[in-house]
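Below you'll find the structure, written out as structure tokens, and then a few comments.
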Amino acid sequence: MGVRRWGAMLLDELEKRVPAECIQADADVILAYSQDRAVFEGAGAAAILVMPRSTAEVVAAVEAANAAGVPIVPRGAGTGLTGAANAVDGCLMLSMHRMNAILDIDTTNRTCRVQPGVINSDLKAAVAEHGLFYPPDPASVEISSIGGNVATNAGGLCCVKYGVTRDYVMGLEVVLADGRVMRTGRRTIKSTTGLDLTGLFVGSEGVLGIITEITLKLVPAPPPPATAVAYFDTLEPAGNAIVEIFRQGHEPSLMEIVDQTSLRQVEAVYPMDLDVDAACLLLMQTSGDRADERIAEISAICTAHGATFVYHVDDPHEGDMLIEVRRKVWPAFEHLGKALLPEDVAVPRNRLPELLAGITEIADRNRVLLPTIGHAGDGNMHPLLVFDATDADEVARVRVAFAEIVELALALDGTIAGEHGVGTLKKQFIEDELDPIQLEVQRSVRSLFDPNGRLNPGKAL
Ligand SMILES: Cc1cc2nc3c(=O)[nH]c(=O)nc-3n(C[C@H](O)[C@H](O)[C@H](O)COP(=O)(O)OP(=O)(O)OC[C@H]3O[C@@H](n4cnc5c(N)ncnc54)[C@H](O)[C@@H]3O)c2cc1C
């Protein structure tokens, strides 16, 4: 049966259950909601777009999809970088963006309950009014949804101290593949009751159920951070300085690296007097008790490891201006008008120098433009492949370099996906990381939740 026929059946089933204002059958609108931001990953042709406003409407949409026998692809804000939210042929696209209410902020228990479509930065701003902090801060903080962040277990700049999304998810409401509504988790600090199904859903990329409500842990808002920058002539001492900072027991709240290619591009587009001859720039912050003393100690470690220039400040405004270099890397490369394919691998911190050296070697050998930025404190690097997508030869070399970086990370005891998830982009590598037994168990869990294979088929596992 063709996509159009599936679409007619689905529309019929939806109209019996879901208010008309939630259903969108216009092909152009459906197309706009059918693709995330992954570069190479194609999207299928979705049959219909549904934009629910409540859990009951999600249930109704799931029941309609089941009655019509079509797959369902949940979507948050579509900022994913792996094709995980891309449509599959004949699917019901379920965009959660209208379920964007902050349901409550509990200042005594330091928790909040939100719908999945809340944008991360809106939640941060709302809890800040109560002196609280929601730490997970993907660079897409202004545009990605909490539901998407939970479904990808998003990371970010301050994870090095505060952890990733997983560390803040206390409970969920989920619509299962058969339309039942399940609540997981707890509202207490502690609980030892039953299996951790909440944890199972974090990072599940829409293949286990549709998240309709999230209970999150909050922490007291930290005082403004102190900030340091350190330039190095070569990458290796920078990697060694990072390792030493942690070995000495420091706990930076941010530790980012920007390589020479990135420094040069940022300086070319947004002149800010950067040292473009340096091999890399380390950006570091400390927050909390004795932040100013800690940043001075960290700076001294960088100097002892051969940093050519080190500067640290207590003033948060000046610190923010220093961190701006990192934020400008992506927009600076966008100025080239080329395709940008970000890698997302992570290694144990002590293997970072080897990862950085290996990435440089891969770039040179494959003749690709490969600036590298990343969350150095987490060992999570984002080499950014910049290329002309119309040049077949260059695209072929980019694909080789991409795969080689993944294999390099694995060889260094790392992971193929640090924080962006697997989607379709990294699916080909999953067997290289997960042993066959674990993969079999994971696939069994998936089919237990979704025996008919309706939820986001072809993604993640
Ligand atoms: C400029 C830029 C910078 C970025 N920086 C970072 C970064 O620093 N760290 C990082 O981790 N990521 C980063 N990302 C990637 C992306 O923003 C994250 O993966 C984010 O968590 C995706 O959220 P989203 O709302 O856009 O989800 P989508 O892209 O819409 O969906 C992502 C996945 O979640 C599933 N999903 C969404 N909502 C639900 C739901 N309610 N129930 C079940 N499944 C659901 C989808 O099916 C899909 O599998 C960046 C992206 C961009 C464009």
Side-chain angles (χ1 to χ4, degrees), residues 33-39 41 43 52 55 58 62 71-88 91-100 114-121 123 136-160 164-166 172-177 201-214 254 256 326-331 333-334 340-342 344 346 373-375 378 380-382 384 417-425 427 449-450 455-461:
Y33 283 81
S34 290
Q35 186 121 28
D36 69 10
R37 306 227 184 164
V39 177
E41 306 313 289
T55 302
V58 174
V62 168
I72 302 165
V73 177
R75 174 189 158 103
T79 69
L81 296 168
T82 66
N86 282 359
V88 299
C91 77
L92 182 161
M93 276 311 290
L94 192 64
S95 178
M96 305 300 286
H97 69 278
R98 290 164 89 184
M99 290 182 67
N100 63 352
V114 303
Q115 289 185 314
V118 173
I119 295 297
N120 183 317
S121 58
L123 178 62
D137 62 342
S140 54
V141 62
E142 306 276 352
I143 51 175
S144 64
S145 73
I146 296 292
N149 291 172
V150 172
T152 56
N153 190 20
L157 276 69
C158 71
C159 299
V160 60
V164 292
T165 302
R166 172 179 303 287
L172 298 171
E173 178 189 82
V174 179
V175 175
L176 297 173
F201 274 84
V202 179
S204 63
E205 300 191 30
V207 307
L208 298 182
I210 294 135
I211 299 163
T212 47
E213 192 185 298
I214 304 150
L254 177 148
E256 297 288 309
R326 168 68 171 89
R327 296 195 193 103
K328 287 282 188 255
V329 173
W330 184 287
F333 280 103
E334 278 182 329
L340 304 181
L341 173 63
D344 168 42
I373 50 173
H375 313 303
D378 301 327
N380 180 198
M381 287 294 114
H382 296 309
L384 184 63
E419 58 179 15
H420 294 166
V422 173
T424 49
L425 179 71
K427 208 179 154 193
F449 278 96
D450 181 20
L455 293 175
N456 218 359
K459 315 288 177 60
L461 288 178

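One-based numbering, in listed order, for ligands and for the atoms of each.
The aromatic rings of H382 and H420 sit parallel to each other, their planes meeting at less than 30°, with 60° as the upper class boundary.
Checked against salt bridge (charged side-chain N to carboxylate O under 4.0 Å, His left out), R327 has the following partners two or more places apart in sequence or in another chain: D320, E324. Applying the salt bridge (charged side-chain N to carboxylate O under 4.0 Å, His left out) criterion to E419, with sequence neighbours excluded, gives no partner residue.
Of all atoms in ligand 1, numbered sequentially from 1 with element shown, those under 4.0 Å from a heavy atom of G209 are 43 (C). Shown in contact with G206 at under 4.0 Å from a heavy atom are these atoms of ligand 1, numbered in order with element: 43 (C), 44 (N). Heavy-atom contacts of N456 reach the following atoms of ligand 1: 47 (O), 49 (O) (cutoff under 4.0 Å). Contact atoms of ligand 1 toward A151: 34 (O), 35 (C), 36 (N), 44 (N), 45 (C) (distance under 4.0 Å to a heavy atom of the residue). Interface of P138 with ligand 1, defined as ligand atoms under 4.0 Å from a residue heavy atom, comprises 6 (C), 7 (C), 8 (O), 9 (N), 10 (C). With ligand atoms numbered from 1 in the order given, ligand 1 contributes 41 (N) to contacts under 4.0 Å with heavy atoms of M96. Distances below 4.0 Å separate heavy atoms of G76 from the following atoms of ligand 1: 25 (O), 28 (P), 30 (O), 37 (C), 38 (N). The ligand atoms of ligand 1 that sit less than 4.0 angstrom from a heavy atom of A77 are 24 (P), 25 (O), 26 (O), 27 (O), 30 (O).
When only interatomic distances are considered, the shortest N/O to N/O separation between I210 and ligand 1 does not fall below 3.5 Å. For ligand 1, none of its N or O atoms has an N or O atom of R75 under 3.5 Å away. The distance criterion of under 3.5 Å between nitrogen or oxygen atoms is met by N149 with respect to ligand 1. Any N or O atom pair closer than 3.5 Å counts here, and G80 shares at least one such pair with ligand 1. Geometrically, ligand 1 and A154 share no nitrogen or oxygen pair separated by less than 3.5 Å. For a threshold of 3.5 Å applied to N or O pairs, the pair formed by P116 and ligand 1 contains no separation below that value. Every N/O-N/O distance between S144 and ligand 1 stays at or above 3.5 Å. The shortest N/O to N/O separation between T152 and ligand 1 falls below 3.5 Å. Checked by distance only, ligand 1 and A85 stay at 3.5 Å or farther apart across all their nitrogen or oxygen atoms. When only interatomic distances are considered, the shortest N/O to N/O separation between E419 and ligand 1 falls below 3.5 Å.
Proximity of atom 1 (C) of ligand 1 to the protein is not indicated, since no non-hydrogen protein atom lies closer than 4.0 angstrom.
Of the inter-residue distances, the one linking S204 atom OG with D450 atom CG reads 11.0 Å to the nearest 0.5 angstrom.
Ligand 1 lies out of reach of G418, whose nearest heavy atom is not under 4.0 Å from it.
Among protein heavy atoms, the minimum distance from atom 41 (N) of ligand 1 is reached at I211 O, 3.0 Å.
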